[in-house]
S.K.: 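Just passing along the structure, written as structure tokens.
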Amino acid sequence: MGLQITHTPVLSRIVYSVRSSNSRIRSPSSELVMKWFLFFVLAIGQGLCASTANSVSGYNYYRLPTSLKPQKYYLRILTLLDNPDELRFTGTVKIVIEALENTRNITLHSKNLTIDDSEITLRLISGKGTRDICVSSTSVNPVHDFYILNTCEELLAGNVYKLSLPFSADLSRQLIGYYRSSYIDPDANVTRWLSATQFEPASARKAFPCFDEPAYKASFVVTLGYHKKFTGLSNMPVKETKPHEYLPDYIWTYFEESVPMSTYLVAYSVNDFANKPSTLPNGALFRTWARPNAIDQCDFAAEFGPRVLQYYEQFFGIKYPLPKIDQMAVPDFSAGAMENWGLVNYRESTLLFSENHSSLADKQDLAIVIAHELAHQWFGNLVTMKWWTDLWLNEGFATYVASLGVEDIHPEWNSKDRGSLYAIVTAFRLDSLISSHPISRPIQMVTEIEESFDSISYQKGSSVLRMMHLFMGEDAFRSGVKSYLQLYTYKNAEQDNLWESLTQAAHKTGALPTNYEIKTIMDSWTLQTGYPMVNVTRDYTAGTAKLSQERYLRNTEISRAQCVGCWWIPLSFTTQNEKDFGNTAPKAWMECTRTGESIPKSIQDLPGPDQWVIFNNQLSTPYKVNYDTQNWKLLIKTLNSEDFRKIHVMNRAQLIDDVLYFAWTGEQDYETALQVTDYLQRERDLLPWRSAFNNLKLLNRILRQTPNFVFFKRYIKKLLSPIYEDLNGINDTFSSLQHQDQILLKTTVVDWACQYQVSDCVPRARSHFRSWQSEPNPDENNPIPVNFRSAVYCAAIKYGTDEDWEFLWARYKNSNVGSEKQTILSTLGCSREVWILQRYLERSFNPKGGIRKQDSSLTFQSVASREAGVLLAKKYLTDNVDLIHKYYYPQTRSMSRLFSQISEQIITTSDLNGFRAFVTNSRQYLKGLNQAIQQSLEIMLTNVQWMKRNYHQFSVSIQQHL
Ligand code: BES
Ligand code: ZN
């Protein structure tokens, strides 16, 4: 009897019961029971089917029961790639299970798998002699993806059992579980198929029945069967290969047994890729895999990967534990990359590099992605979070130490500061919303896990780790991290375990006063939503300052009293005389009472009224600082003088970001803010410009819909013109630039200059484009300097003809380079032709449209972010939400990306209400997107507030600065 756990209506057989036969259940809350009930009511109401099981078990808590523990999986999978109409896999999993408590059932995860339950076997394998145990019935719980085997006799604590389950399914068409991918072989002009896995966070259960929670670590013995023309890859090296028993030309490849690991890190692939081995003295075998036709783009990854791996071995003091590591570019890949232990998967655009077609920014992005995934081999793979609540321990750490790794190997890129600034300003943006969430976040549903892969886990997580690194100092931080990793190797941990190790290290080295605990400090950053704004009020005659803190909120209609919070803040500062920005060790702390109230702080020995002070050297802690009027005046004076460089570049970026936030919400006026931004006419460093663009972009998106845009435009031109001229505009003078940072700066400045029609930017961009069009073989030869391509394509498409668009589309179709394809897709939306944009939107969600599913959110954003496209994109989304939902289901993370560009451009109450109505009417298609929707609605609301409060004042002020 086949048991298809998918969509066949057998509703009448659903048995609803909340009594569990399990020996140890964590009682399901009544709320959860209610949710489940509602699920069925809704499912029934819509004529949907939820299950085809013999019965639905009553065990309805979202976590697996704890009575059993898997020790080892023998996983055997046959992958059939010959017939494109029937791309499938079949397999058997044998799980060695230890009973920790007596139980009458085995509950594990399985989703969308066909399991022939007549073939299931269970054996007792410990103690004297082995024997079979019968399974009386099976059932499923579709809400939590449980597959439950009821046993004829009680399984006893201390015994070990071996469960064998056969399963099969189609290779998924979504980019999740065990799925299909393909590419066109240009020589033969045929489609080549391959298979790949993406299991994080909860999709191993779609590939084989398993205990699919991160704390159930076990070792895996994988065997892959496939046609001998392919290569099989998995986490571990190949042990041996044997012919298949009866399928001609098929083979079985046996892989070595893995170390203990979580299910979400298991990976395998059957493909016909080529590989490039790296050479690393005394290191693991390191190979980089790609389509044969792209193997020449692997050089950078093959060189950089082993170097950063070696850096981590030293940094963490622990050797990479597996005998090999493969990194593979998968043509269809949903995330940016995935850290599977020993077999790391990437998008082509995040692994492959072409000297002729990829920019410096592309190259740096590759390095950061590779460094991030390889950092996970320790943070995540070796030591794993106990539960998804602490996902940030994986993602925050990988993000932070990646910037250290890249900095070590390419110091000339200045990646550490750039990464730190990016992390902090990105976290500031999202975390200023009431709809943000704490770094450490309770998780119950799979959709909630997916929602956690956001800027809070990554960017805020990495910012608070950097904060700790800077206030503890190098030695204490490293030794705390090392001992944490050593203590929890092959185990699971939660954030308190990390705090413990770090406190010990900090006390040992004297990096932290003994009456301070890392946990007290860090809980205020990881368990609370938001971040503080510190108000500094100086007494210029007494030479003192009073400091108070409150949460910074973008939404000004929320009463501040409702949102009290207190953060433990390490206070570093410097003065105009000292300019000691290098010292990031705290001179004092802002503390909180036991009940979480903030204790105001006084600082002594500050200079007189002719000198500024700046708090938070190098932006080492994620908080904002507002000063009294006099201090802002002093800062503005220095910024607008030749001395501006004496303020650290990170703090220049901080002053811009802070003052523009304060002006937005009314803590400062726009007159003050514009006096700060005026100094940008002198600024020649990348980071302050990044900070400025990041904020000006938001103003641009509002103002370009208003009559007073004319003034804003003129102001931006005024700021940009000097640097545009200085960097030699859109002329290819890259080779004369001293610092790599300047290349990125020039790229960004040209991008903005063309957007704002500064000087000759647009005509020169168009002539660059024309020279490409006149190339006899434009797919081979592109004369446009790589670092300008984005700006040039966008300007050429915006001011160009239908033919220009078709030309660029043809280059996209013919390009063999992932990053070039991305650049093109993100600029094709620059068109101002309604019909072209509409066609582009439709292609994005049409499986035959020529755009891979992984790229559809990029193309959508390309249209939605621009003034001509935003209304079309919004209409497309609201009219086709059912279709889009179906296109992505169940990968809600992809769908959540469609909202942000639109929300930044909604500025009226009626449009906001319109969007609210859409959300209400489309509830069924927006499940699992709750967080993204709430955040979008709040952004729209803050725009509406901005218009009401600031539009007039801003328009008056900006005219004074032209
Ligand atoms: N572990 C993630 C991959 C992932 C993301 C799995 C979301 C499931 C859901 C991986 O390490 C990662 O963080 N990838 C990033 C790119 C990275 C370089 C910041 C991604 O995919 O966005
Ligand atoms: Zn990651």
Side-chain angles (χ1 to χ4, degrees), residues 174-177 179 196-206 212 214 261-267 301 304-305 308 312 327-330 332-341 343-351 361-385 388 390-403 405-406 415 419 422-423 426-427 443 446-463 465 818-819 822 854-855 857-858 888 890-897 928 931-932:
Q174 296 293 350
L175 312 179
I176 199 160
Y179 70 93
T197 51
Q198 172 56 43
F199 290 169
E200 193 183 14
S203 293
R205 65 191 67 174
K206 294 177 192 162
D212 198 10
M261 60 192 261
S262 307
T263 46
Y264 80 88
L265 292 168
V266 173
F304 181 81
V308 78
Y312 293 137
Q327 41 186 12
M328 174 165 76
V330 185
D332 298 276
F333 197 75
S334 161
M338 175 65 211
E339 69 266 24
N340 313 307
W341 214 342
L343 177 53
V344 186
N345 285 349
Y346 297 80
R347 280 185 178 215
E348 289 201 353
S349 61
T350 58
L351 188 70
D362 291 332
K363 189 181 209 171
Q364 297 186 351
D365 285 352
L366 294 195
I368 286 168
V369 179
I370 296 170
H372 177 108
E373 304 312 331
L374 296 185
H376 274 312
Q377 307 301 309
W378 285 263
F379 273 102
N381 301 9
L382 193 65
V383 178
T384 313
M385 69 257 144
W388 299 102
D390 281 318
L391 173 69
W392 82 277
L393 286 178
N394 273 14
E395 298 303 348
F397 251 111
T399 304
Y400 182 55
V401 301
S403 73
V406 178
S415 298
Y422 174 77
T426 309
I443 299 282
V446 170
T447 51
E448 290 172 339
I449 310 176
E450 273 160 10
E451 282 180 341
S452 293
F453 289 86
D454 68 354
S455 309
I456 297 299
S457 300
Y458 284 74
Q459 315 306 344
K460 191 179 180 189
S462 114
S463 299
L465 291 168
S819 45
Q822 298 256 334
Q854 61 178 15
D855 296 322
S857 61
L858 177 73
Y888 285 131
Q891 281 175 291
T892 45
R893 188 172 180 247
S894 314
M895 194 162 164
S896 71
R897 298 196 188 112
Q931 178 177 283

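Order of appearance sets the numbers: ligands from 1, and atoms from 1 within every ligand.
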S.K.: Describe, in one word, how the ring planes of Phe379 and Phe397 are oriented to each other, choosing from parallel (under 30°), tilted (30 to 60°) and perpendicular (over 60°).
M.R.: parallel

S.K.: Quick check: does Glu395 put an N/O/S atom under 2.8 Å from the Zn ion (ligand 2)?
M.R.: yes

S.K.: What are the two closest non-hydrogen atoms of Gln822 and Ser349, and how far apart are they?
M.R.: NE2-OG, 3.3 Å

S.K.: Which residue from Tyr346, Phe199, Phe379, Tyr458 reaches closest to atom 13 (O) of ligand 1 through any of its heavy atoms?
M.R.: Tyr458

S.K.: Classify the ring geometry between Tyr458 and His372 as parallel (under 30°), tilted (30 to 60°) or perpendicular (over 60°).
M.R.: parallel

S.K.: Quick test: of every protein heavy atom, which one is nearest to atom 5 (C) of ligand 1, and how far off is it to 0.1 Å?
M.R.: Phe453 CD2, 3.6 Å

S.K.: Under 3.5 Å, is there a donor-acceptor pair between the side chain of Gln327 and the main chain of Gly305?
M.R.: no

S.K.: Considering all heavy atoms of both residues, which atom of Asp332 and which atom of Tyr179 are nearest to each other, and what is their separation?
M.R.: O-OH, 2.8 Å

S.K.: If you take all heavy atoms of Ser457 and Leu391, which pair is closest and at what distance?
M.R.: OG-CD2, 4.2 Å

S.K.: The test is side chain to side chain contact (heavy atoms under 4.5 Å, CB included); show your working for Arg347 and Asp855 and say whether it passes.
M.R.: CA-CA 10 Å; Arg347 280 185 178 215; Asp855 296 322; 3.4 Å; yes

S.K.: I'd like to check which ligand 1 atoms, numbered from 1 as shown, lie under 4.0 Å from a non-hydrogen atom of Val369.
M.R.: 18 (C)

S.K.: I need the atoms of ligand 1 closer than 4.0 Å to a non-hydrogen atom of Glu395, numbered in the order shown.
M.R.: 1 (N), 2 (C), 11 (O), 13 (O)

S.K.: Is the closest heavy-atom distance from Glu450 to ligand 1 below 4.0 Å?
M.R.: no

S.K.: Minimum heavy-atom separation for Thr384 and Ser262, please, with both atom names.
M.R.: CG2-OG, 3.6 Å

S.K.: Under a 4.0 Å heavy-atom limit, does Ala337 contact ligand 1 with its side chain, its backbone, both, or neither?
M.R.: backbone

S.K.: At a non-hydrogen distance cut-off of under 4.0 Å, which region of Glu200 contacts ligand 1 (side chain, backbone, both, or neither)?
M.R.: both

S.K.: Does Glu200 reach the main-chain N or O of Leu265 with its side chain, forming a donor-acceptor pair under 3.5 Å?
M.R.: no

S.K.: When only distance counts, is Gly336 in polar contact with ligand 1, meaning an N/O pair under 3.5 Å?
M.R.: yes

S.K.: Going by the order shown, which atoms of ligand 1 are within less than 4.0 Å of some heavy atom of His376?
M.R.: 11 (O)

S.K.: With heavy atoms of Glu339 as the reference, note each atom of ligand 1 found under 4.0 Å away.
M.R.: 1 (N), 2 (C), 10 (C), 11 (O)

S.K.: Hey, is Glu373 touching ligand 1 through its side chain, its backbone, both or neither, going by heavy atoms under 4.0 Å?
M.R.: side chain

S.K.: For atom 22 (O) of ligand 1, grab the closest protein heavy atom and report residue, atom and distance to one decimal in Å.
M.R.: Arg893 NH2, 3.8 Å

